[in-house]
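Right, one structure below, let's go through it.
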Amino acid sequence: MQQDYQPKNIETAAQQYWEEQQAFRADEKSDKRKYYCLSMFPYPSGKLHMGHVRNYTIGDVLSRFHRMKGCNVMQPMGWDAFGLPAENAAMANNVAPAAWTYDNIDYMRKQLKSLGLGIDWSREVTTCKPDYYRWEQWLFTRLFEKGIIYKKTATVNWDPEDNTVLANEQVIDGRGWRSGALVEKREIPMYFFRITQYAEQLLADLDQLDGWPEQVKTMQRNWIGKSFGVRFAFPYTLDGKTEKLWVYTTRADTIMGVTFCAIAAEHPLATYAAKNNPQLAVFIEECKRGGVAEADIATMEKKGMPTGISVIHPLTGKQVPVWVGNYVLMGYGEGAVMAVPAHDERDFGFAKKYGLPIIQSVQVANETFSTDAWAEWYAAKDGICVNSDKYDGLNYDQAVDAIAADLAAKGLGEKKVQFRLRDWGISRQRYWGCPILIINCPSCGDVPVPDEQLPVVLPENVVPDGAGSPLAKMPEFYQCTCPKCGGPARRETDTMDTFVESSWYYARYASPDCTTGMVDNARAQLWLPVDQYIGGIEHAILHLLYARFFHKLMRDEGLVQGDEPFKNLLTQGMVIAPTFYRAEPNGKKLWINPADVDEETDAKGRPVAARLRADGQPVIIGGTEKMSKSKNNGVDPQAIIDQYGADTARLFMMFASPPDQQLEWSDSGVEGAFRFLKRVWKAVHEHVEQGVVPAYRKGELTTAAQALRLQLHQTIQKINDDYGRRKTFNTAIAAVMELLNALGKFGEQTATARSVVQESLEAITLLLAPIVPHISQTLWAELCPGSDLLAQAFPEADPVALVQNEIELVIQVNGKLRGSLRVAKDADKAMLEQLALAHEAVQKLLAGGTAKKIVVVPGRLINVVV
RNA sequence: GCCGGGAUGGCGGAAUUGGUAGACGCGCUGGACUCAAAAUCCAGUGUCUGUGAGGAUGUGGGGGUUCGAGUCCCCCUCCCGGCACCA
């Protein structure tokens with residue numbers, strides 16, 4: 001056996017061996033329990049980043065563990081290959097998005113393979129290839145015919161200089177990122193998925209997801225936002241015609257406190273009022289400035305202007321002025337809201353600012369209302385109505401019932417369940433995406449492309465220039481004939497949101513080569529649902545909600561079974577790293593990569609200064625933040641793999657923190673991981689050099705050997721729980737480290753002792769195998785010549801080794817640790833109380849008095865209260 | 001702004017069901033080996049106090065429940081994720 005641990009050689013050899021053996025090919029004829037382990041597929045941005053390494057290592061650890069537990073594992077991989085970065089790269093480097101994407105995929109596939117992931121590469125999918133997206137197009141036409149897809153206008157960010165729609169991330173401080181022009185809101189026609197039709201199911205089925213983190217389910221519930229309220233109208237007369245201004249509220253009990261209404265700038269009533277009101281017209285134009293991101297709208301200064309129009313309060317008959325408010329958005333709800341300044345904080349601020357009346361209509365016991373300042377209780381639902389005529393004295397439920405009934409009697413409203421969730425707009429005015437399957441015919445309207453013309457292939461030799469959609473400039477793409485009437489027609493040049501591709505890839509993996517349908521039903525039934533899904537917490541709402549929605553769409557098309565796609569979900573935290581910078585004369589910060597910096601610490605190890613290695617001059621230490629290009633604090637995983645090997649990179653990633661928390665990058669932590677692997681190697685080497693022996697089965701053991709076996713089997717038990725239930729790999733690794741430390745202190749050399757050492761080293765190798773598969777593969781072959789680790793089962797604890805006759809109990813006085821006792825495992829309570837009272841430290845603190853109470857927690861402690 | 005998380009030694013983290021706070025690793029200090037260094041090995045390492053045994057104190061801040069709180073409840077601060085066209 002090699003004396004030194006040389007990761008490069010053993011990793012290459014192990015990877016070659018796995019490939020020859022086709023070790024990770026998912027078996028569709030197996031009678032073992034299936035385990036479909038899926039990590040979110042990467043966007044092929046160029047090269048792997050640490051977040052990928054973390055994500056895929058977690059998935060691989062779970063895959064390999066379940067494989068060793070006897071499962072038929074399927075772990076696929078693919079590419080979320082459409083998207084904006086390819087267009088940006090295309091513009092920057094004058095290269096076609098397709099070529100750029102395919103190059104990146106080739107490079108990143110090589111990188112993934114060098115990580116030693118147990119992936120079934122025969123199932124690889126690439127979403128930008130026609131053999132993938134043609135089925136998305138096929139589903140699109142089905143959904144269009146069903147009415148699940150429809151067209152309406154929606155508001156987008158418009159860059160007036162580049163004449164293009166901007167993504168929210170391309171709007172920086174209200175300006176276009178390339179042109180610097182002030183961004184405007186613009187209404188354009190778009191196709192939508194009617195996801196709201198599934199809102200009730202998406203909400204209710206969350207209860208099926210026992211294997212999902214509670215926080216993710218909570219976020220989805222809040223996002224869907226089911227509310228019980230009242231939709232009602234304020235009538236008004238305009239040009240002799242009676243119209244209705246509809247609003248929705250969850251606080252109908254405060255309806256008698258309405259002092260004005262606020263409408264969106266795009267509301268027809270606002271447009272009407274602006275016709276003869278130039279000031280208002282200017283204000284409406286001003287409201288159109290800025291982007292559409294909700295965070296910006298919610299944090300901007302609330303502004304308004306009266307329209308001069310009044311509507312009639314449906315219950316009091318009083319005049320209610322209508323204002324245009326920049327915080328009211330068209331298309332969300334009714335584009336109009338009733339305003340009750342006394343009981344809504346936003347309305348309160350607005351009323352104070354513009355001197356509008358504030359009328360209290362709800363009172364909470366023992367509180368005093370004042371219009372001077374807002375108080376939390378004003379918005380509470382546990383008060384009773386006041387200043388509300390016939391509704392005075394009613395509580396929330398009673399008031400809502402009575403008011404809804406009165407509105408209904410007048411034909412002006414009714415109770416309504418509403419969702420915060422909005423329909424999913426999927427049209428993108430971009431090139432690098434899946435073409436939308438519609439032909440716009442001047443006489444037939446929107447006609448879906450017939451099946452026999454699928455796929456509509458996106459031309460791959462195009463380089464976009466950032467000004468509008470390239471497809472709209474390509475007659476060879478958009479010129480076509482109407483499938484219905486045969487007349488000349490124009491193909492839709494918008495492409496689909498890339499969230500669409502990532503909403504069904506998990507199902508395609510079951511039968512990636514299927515040429516007859518989106519999925520092969522039988523194979524989909526074999527593999528779905530995904531047993532374990534792993535991905536970043538940043539996908540907790542959108543991606544996961546869309547994928548759940550798609551599963552239901554496909555279920556309703558008869559393509560898949562079951563209501564939900566992902567049985568268990570693990571949301572991984574981000575990878576963060578320190579930042580360093582220098583202030584440049586123009587005030588900008590020049591960010592410096594951590595790899596180029598040397599840190600200096602004081603005597604206690606606190607960082608005090610840092611210097612750029614290249615020039616030896618100081619740099620400023622910034623915060624520890626998410627690895628990103630903009631802060632230049634990314635650490636290239638390839639450099640770590642090249643220097644220490646994939647096993648060290650994997651081990652460090654799993655050891656540094658539990659998977660669902662942030663992971664802080666640390667060079668010295670990587671060295672520590674490498675050091676541990678060297679220690680494992682050395683321990684096996686020393687043992688093997690003296691000859692391998694059969695692992696311990698039976699025989700008389702010394703106390704020390706017995707203790708070692710106890711710890712060994714406790715560790716095996718713990719790690720089964722850590723990998724299986726808890727999914728905390730950091731604690732599993734720590735337990736193996738402790739075991740190795742104990743093994744190092746165990747000096748016995750008898751034949752029996754050596755068989756216990758053999759047993760321990762075999763177990764350590766198997767316990768670590770899911771995390772560091774290459775070194776484990778090699779060490780196993782040394783420990784058990786002629787045997788293959790791939791065929792080994794995961795260790796199970798030996799109940800005999802776990803038996804303990806004596807245990808240690810902690811003695812507390814008033815909850816404070818004062819000593820400990822070794823007692824027989826089955827000592828009874830009276831006996832334990834007696835022993836505790838007799839304890840020296842307890843005697844001292846009792847000082848001759850008696851104990852008030854004695855708490856005995858079996859197996860743990862005795863607390864004497866004095 | 002709204003929704004969801006988080007905060008424990010010098011650092012990453014452990015404490016799984018309210019029961020020994022700081023496992024394990026990093027860093028640091030001392031020692032062994034070495035001509036020397038690296039590597040490796042051994043020992044120590046929350047803070048304050050004490051010669052010592054020990055004592056006090058300690059989980060972002062403030063309050064509460066409990067025999068007992070890092071863990072449960074209330075209030076606050078700061079940090080992170082998401083907010084519908086980044087993926």
Side-chain angles (χ1 to χ4, degrees), chain A residues 40 42-43 45 80 83-85 88 156-157 165-171 213-216 218-219 221-223 225 292-300 327 345-346 421-430 497-499 502 536-543 545-546 571 573-574 576 601-607 623 625-626 652 655-658 660-673 675-676 678-679 682 718 721-722 725-726 728 730-731 733-738 741 744 808-817 820 852-855 857 859-861 863-865:
Chain A
M40 288 181 186
Y43 178 80
S45 55
D80 187 14
L84 205 47
N88 297 335
V156 294
N157 302 306
V165 177
L166 296 178
N168 282 335
E169 75 156 8
Q170 296 174 320
V171 179
E214 211 47 59
Q215 50 151 322
V216 174
T218 304
M219 280 192 264
R221 277 189 198 103
N222 291 339
W223 185 262
V292 297
E294 191 189 84
D296 295 335
I297 289 158
T299 49
M300 72 185 178
Y327 60 95
E345 192 170 4
R346 196 171 57 176
L421 181 70
R422 309 194 299 255
D423 278 338
W424 175 13
I426 53 151
S427 296
R428 299 289 180 269
Q429 298 67 44
R430 307 194 188 290
D497 181 0
T498 57
F499 269 125
S502 56
I537 182 67
E538 65 272 20
H539 296 291
I541 297 176
L542 292 179
H543 162 63
L545 190 72
Y546 293 150
T571 48
M574 296 176 312
I576 59 176
T601 55
D602 67 6
K604 285 198 162 175
R606 275 178 284 239
E625 300 184 49
K626 177 180 175 172
F652 168 72
F655 182 61
S657 68
D660 56 354
Q661 279 178 39
Q662 290 194 336
L663 183 148
E664 188 170 325
W665 183 259
S666 151
D667 289 330
S668 49
V670 175
E671 278 167 42
R675 213 149 35 210
F676 171 67
K678 284 197 285 191
R679 275 204 292 272
K682 196 174 149 194
K718 177 186 168 49
D721 191 40
D722 282 352
R725 179 182 62 92
R726 297 212 304 157
T728 53
N730 55 330
T731 53
I733 294 163
V736 178
M737 286 172 167
E738 283 181 87
N741 290 344
E808 190 170 271
L809 282 190
V810 161
I811 307 286
Q812 292 184 340
V813 175
N814 292 339
K816 275 190 182 153
L817 176 71
S820 67
K852 271 192 212 154
K853 187 175 174 182
I854 303 177
V855 182
V857 182
R860 290 223 179 247
L861 57 76
N863 185 17
V864 181
V865 186

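Bear in mind the structure is a predicted one, so any value in this text is a computation, not a measurement. The chains referred to below are lettered A, B, ... by the order of the sequence lines, with proteins before strands, and numbering in each begins at 1.
- Taking only side-chain nitrogens and oxygens, A/Lys816 never comes nearer than 4.0 Å to OP1 or OP2 of B/C67.
- A/Asp721 pairs by the side-chain hydrogen bond (donor to acceptor under 3.5 Å, both in side chains) definition with A/Arg725, not counting sequence neighbours.
- A donor-acceptor pair under 3.5 Å is formed between the side chain of A/Asn157 and the backbone N or O of A/Leu166.
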Would you tabulate the pairs of protein nitrogen or oxygen atoms and nucleotide nitrogen or oxygen atoms of nucleotides 64-66 of chain B closer than 3.5 angstrom?
none

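- Within the nucleic acid shown, A/Gly573 has no heavy atom closer than 4.0 Å to any nucleic acid atom.
- Base orientation of B/G9: syn, the glycosidic angle falling within 90° of 0.
- Contact annotation: A/Thr498 reaches the phosphate of B/A87 (side-chain N/O to OP1 or OP2, under 4.0 Å).
- The side-chain contact (heavy atoms from CB on, under 4.5 Å) check on A/Val810 picks up A/Gln812, A/Leu817, A/Leu861, with sequence neighbours excluded.
- The phosphate of B/C26 (OP1 or OP2) has a side-chain N or O of A/Arg675 nearer than 4.0 angstrom.
- A donor-acceptor contact under 3.5 angstrom links the side-chain atoms of A/Gln429 to the base of B/C85.
- The aromatic rings of A/Trp424 and A/Tyr546 lie parallel to each other, their planes meeting at an angle below 30°, with 60° marking the opposite boundary.
- Mapping A/Gly669 and A/Glu169 onto RNA chain B by nearest heavy atom places A/Gly669 at the nucleotide closer to the 5' end.
- Residues passing the side-chain contact (heavy atoms from CB on, under 4.5 Å) test with A/Lys816, sequence neighbours excluded: A/Arg818.
- In this structure, A/Phe655 reaches the bases: a heavy-atom distance under 4.0 Å links it to at least one base atom across the strands shown.
- Under the side-chain hydrogen bond (donor to acceptor under 3.5 Å, both in side chains) criterion, A/Asn814 pairs with no residue, sequence neighbours left out.
- Going from atom CG of A/Asp296 over to atom P of B/A84 covers 9 Å, rounded to whole Å.
- Distances shown here put a side-chain N or O of A/Arg726 below 4.0 Å from the OP1 or OP2 atom of B/A15.
- Distance noted for atom C1' between B/G9 and B/G44: 15 Å (whole Å).
- Rounded to a whole angstrom, the distance from the C1' atom of B/C28 to that of B/G12 is 15 Å.
- Legend: residues meeting salt bridge (Lys or Arg N to Asp or Glu O under 4.0 Å) with A/Asp722, ordered by chain and number and at least two apart, are A/Lys718, A/Arg726.
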Every protein N/O within reach of nucleotides 32-34 of chain B N/O, cut-off under 3.5 Å:
none

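- Taking atom CG on A/Leu663 and atom C1' on B/G25, their separation rounds to 13 Å, with Å as the unit.
- Distance check on atom C1': B/A69 versus B/C78 gives 23 Å, rounded to whole Å.
- Between A/Trp665 atom CH2 and B/G13 atom C1' the separation is 16 Å, expressed in whole Å.
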Using a cut-off of under 3.5 Å, enumerate the N/O to N/O pairs linking the protein to nucleotides 76-83 of chain B.
residue	atom	partner	partner atom	Å
B/C80	O2'	A/Gln662	NE2	3.4
B/C83	O2'	A/Glu294	OE1	3.4
B/C83	O2	A/Glu294	OE1	3.3

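- A/Lys852 comes within 4.0 angstrom of nothing in the nucleic acid, heavy atoms only.
- Not a single donor-acceptor pair, N or O on each side, falls under 3.5 Å between the base of B/C3 and the side chain of A/Asn222.
- Rounded to whole angstrom, the span from the CE atom of A/Met737 across to the C1' atom of B/A23 amounts to 12 Å.
- Contact between the side-chain N/O atoms of A/Asn741 and the OP1/OP2 oxygens of B/G25 is found at a separation under 4.0 Å.
- Nucleotides B/U77 and B/G30 place their P atoms 45 Å apart, quoted to the nearest Å.
- Proximity of A/Asn730 to the phosphate of B/A14: a side-chain N or O atom is located under 4.0 Å from OP1 or OP2.
- A search for side-chain hydrogen bond (donor to acceptor under 3.5 Å, both in side chains) contacts involving A/Asn88 returns nothing, not counting sequence neighbours.
- A straight line from CG of A/Leu817 to C1' of B/A21 spans 11 Å, rounded to a whole angstrom.
- Summarising the geometry, the separation between NE2 on A/His543 and P on B/C85 is reported as 15 Å, rounded to the nearest angstrom.
- Residues satisfying the ring pair (Phe, Tyr, Trp, His ring centres under 6.0 Å) criterion with A/Phe652, sequence neighbours excluded, are A/Trp665.
- Residue-level contact check: A/Ser666 touches neither bases nor backbone, having no heavy atom under 4.0 Å from any strand.
- Base pairing in RNA chain B yields stems of at least 3 consecutive Watson-Crick or G-U pairs, both distances under 3.5 Å, namely B:1-7 with B:77-83, B:10-12 with B:24-26, B:27-32 with B:40-45, B:46-49 with B:54-57, B:60-64 with B:72-76.
- By the side-chain contact (heavy atoms from CB on, under 4.5 Å) test, A/Asp660 is found to be paired with A/Pro658, residues two or more places apart in sequence or in another chain being considered.
- B/A21 and B/U8 have their C1' atoms separated by 8 Å, given to the nearest Å.
- Nearest-nucleotide positions on RNA chain B place A/Asp721 closer to the 5' end than the other of A/Asp721 and A/Leu421.
- Rounded to whole Å, the distance from CZ on A/Arg679 to P on B/A39 is 13 Å.
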